[in-house]
Chemist: 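Below is a structure I'd like to ask you about.
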Number of protein chains: 2
Amino acid sequence: MPDTRPSPYFVLFNEIGIIHQLSRTLLEERLPDGLLSSHFGVLNHLVRVGEGTTPLAIARAFQVPKTTMTHTLGGCVKHGLIEMRPNPDDARSKCIWLTSKGREIRESMVAQAATGFEGFAEHFSEERIETLLPVLTEMRQFLDKARDAT
Amino acid sequence: MPDTRPSPYFVLFNEIGIIHQLSRTLLEERLPDGLLSSHFGVLNHLVRVGEGTTPLAIARAFQVPKTTMTHTLGGCVKHGLIEMRPNPDDARSKCIWLTSKGREIRESMVAQAATGFEGFAEHFSEERIETLLPVLTEMRQFLDKARDAT
DNA sequence: CCTCATTAGTACGATATCGCACTAAATATA
DNA sequence: TATATTTAGTGCGATATCGTACTAATGAGG
């Protein structure tokens with residue numbers, strides 16, 4: 001009788017996949033019109049890490065192929081959330097900046113999402129999350145390196 | 001100066017999203033030809049939970065829309081991994097069964113993936129994962145309920 | 001029985017994702 | 001400096017995802 005009970009690693013990645021799916025859906029339900037969680041992710045990233053980074057850097061941050069990020073950024077531009085300027089240091093490259101509209105939208109999206117996660121925050125205290133984060137971050141970094149090693 | 005440092009909840013879902021992305025890519029790199037992680041997920045689900053369930057039940061398990069699951073199951077059928085039989089209890093419904101090929105492929109996929117996660121398993125012991133899982137499962141269940149409450 | 005509402009699955013269309021191939025610029029090497 | 005290699009971003013095509021609307025079967029209430 002082969003392994004009917006899979007290793008905890010499969011369970012882990014399975015749970016993570018489902019949580020991702022659920023949180024994404026939950027978020028997108030509360031976003032205005034055509035905005036997706038990927039757009040939200042980009043806006044958040046720009047605020048957190050700082051504006052003026054390149055598309056490739058953002059793609060790496062989210063670990064998605066660069067063509068995917070090209071598409072996502074195109075969506076953000078179309079929505080008027082970001083602006084793509086030439087990179088003064090490298091003519092092949094671009095620099096991404098938030099527009100004031102992008103900044104506003106992001107603010108309201110964070111607020112929206114916060115209310116959406118209210119119930120969640122009641123059940124899972126910040127402290128509990130904070131104890132969880134280091135492990136997840138470590139995993140992310142490890143997988144990240146493993147990917148480079150290909 | 002508005003919240004440049006986002007709540008840990010955003011960080012949490014961000015990390016989970018990236019880990020999902022990384023693990024999925026890592027897995028799919030090691031799968032044969034046209035097989036996707038979603039197919040792998042279905043096969044695993046059938047082995048773990050038991051065969052003979054319905055498409056809708058599987059869709060709910062992965063928290064994806066049923067039309068998505070229709071498509072995924074179609075792919076599995078096309079690859080000869082599963083078989084869709086009529087549901088004797090409900091003529092609208094179907095029952096999903098693994099083919100022997102599906103069982104074989106799943107076995108070898110598990111083996112493949114296991115070697116892929118070798119390095120990961122070295123850094124993150126089973127014990128460590130086991131302590132992590134209850135929280136994640138609780139989160140999944142909570143978000144699950146929150147979704148139903150819509 | 002006979003509506004009427006609900007439910008399982010699907011067809012279809014829109015769009016997101018992503019591999020591959022390409023261009024242009026930068027960098028390394030001779 | 002001239003040439004080769006690497007790198008940033010994009011166009012294109014294939015396919016995955018998913019919302020909407022539909023069909024057929026079930027179940028509920030008369």
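All heavy atoms count here, side chains included; hydrogens, waters and symmetry mates do not. Predicted model only: the values in this text are computed from it and were never measured. Below, chains carry the letters A, B, ... as their sequence lines are ordered, and counting in each starts from 1.
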Chemist: Taking the nucleotide of DNA chain D with the nearest heavy atom to each, does A:Glu28 or A:Leu73 sit closer to the 5' end?
Modeler: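 Counting from the 5' end, the first nearest nucleotide belongs to A:Leu73.
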
Chemist: How would you list all residue pairs meeting salt bridge (charged side-chain N to carboxylate O under 4.0 Å, His left out) that involve residues 10-26 of chain B, not counting sequence neighbours?
Modeler: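 Qualifying pairs, neighbours excluded: A:Arg140-B:Glu15, B:Arg24-B:Glu28.
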
Chemist: Would you call the rings of A:Phe120 and B:Phe13 parallel, tilted or perpendicular, where under 30° means parallel and over 60° means perpendicular?
Modeler: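 Geometry flag for B:Phe13 against A:Phe120: tilted rings.
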
Chemist: What heavy-atom pair brings A:Ser37 and A:Leu31 nearest, and what distance separates the two atoms?
Modeler: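 Shortest heavy-atom contact: N-CD1, 4.1 Å.
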
Chemist: Under 4.0 Å from any heavy atom of chain B: name the first and the last nucleotide of DNA chain D that qualifies, 5' to 3'.
Modeler: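 Going 5' to 3' along DNA chain D, contacts run D:dA16 to D:dT26.
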
Chemist: Does a side-chain N or O from A:Thr72 land closer than 4.0 Å to OP1 or OP2 of C:dT17, or not?
Modeler: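 For C:dT17, OP1/OP2 do have a side-chain N/O of A:Thr72 under 4.0 Å.
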
Chemist: Would you name the heavy atoms of A:Phe62 and B:Gln21 that are closest together and state the gap between them?
Modeler: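 The answer is O-CG, 3.8 Å.
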
Chemist: Whole-Å distance between C:dA14 P and A:Lys78 NZ?
Modeler: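 Atom NZ in A:Lys78 sits about 14 Å away from atom P in C:dA14.
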
Chemist: Using only side-chain N and O atoms of A:Gln63, determine if any of them is under 4.0 Å from OP1 or OP2 of C:dT17.
Modeler: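 For C:dT17, neither OP1 nor OP2 has a side-chain N or O of A:Gln63 closer than 4.0 Å.
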
Chemist: To the nearest Å, how far apart are A:Arg60 CZ and C:dC18 P?
Modeler: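 Atom-to-atom, A:Arg60 to C:dC18, this comes out as 16 Å.
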
Chemist: Please find the pair of heavy atoms, one from A:Phe124 and one from B:Tyr9, that lie closest to each other, and give the distance.
Modeler: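 Closest pair (atom of A:Phe124, atom of B:Tyr9, distance): O-OH, 2.7 Å.
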
Chemist: I'd like to compare against my own output: the B/S/- annotation of nucleotides 19-28 of chain C with a strict under-4.0 Å heavy-atom distance to protein.
Modeler: BB---BBS--

Chemist: If I take atom CG in residue A:Leu36 and atom P in nucleotide C:dT17, what distance separates them, rounded to the nearest angstrom?
Modeler: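 Roughly 7 Å, once rounded to whole Å.
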
Chemist: Pick base, sugar-phosphate or nothing for B:Ser93, based on heavy-atom distances below 4.0 Å to the nucleic acid.
Modeler: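 Result for B:Ser93 = sugar-phosphate.
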
Chemist: What residues, two or more places apart in sequence or in another chain, satisfy side-chain hydrogen bond (donor to acceptor under 3.5 Å, both in side chains) together with B:Glu51?
Modeler: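 Partners of B:Glu51 under the side-chain hydrogen bond (donor to acceptor under 3.5 Å, both in side chains) test: B:Arg103.
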
Chemist: So, for A:Leu27 and A:Ala113, which heavy atoms are closest and what is the spacing to 0.1 Å?
Modeler: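 The pair with the smallest heavy-atom distance is CD1-CB, 3.8 Å.
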
Chemist: Do any side-chain nitrogens or oxygens of B:Thr54 fall under 4.0 Å of OP1 or OP2 in C:dA8?
Modeler: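 Negative; the distance criterion is not met.
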
Chemist: Sort and list the pairs that fulfil ring-ring contact (aromatic ring centres under 6.0 Å, His included) and have at least one residue in residues 68-116 of chain A, not counting sequence neighbours.
Modeler: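 Applying ring-ring contact (aromatic ring centres under 6.0 Å, His included) to every pair that reaches into residues 68-116 of chain A, excluding sequence neighbours, yields A:His39-A:His79.
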
Chemist: Strictly by salt bridge (charged side-chain N to carboxylate O under 4.0 Å, His left out), give each pair with a member in residues 123-136 of chain A just once, sequence neighbours left out.
Modeler: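 As it turns out, the salt bridge (charged side-chain N to carboxylate O under 4.0 Å, His left out) pairs with a partner in residues 123-136 of chain A, which skip direct neighbours, are A:Arg128-B:Glu138.
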
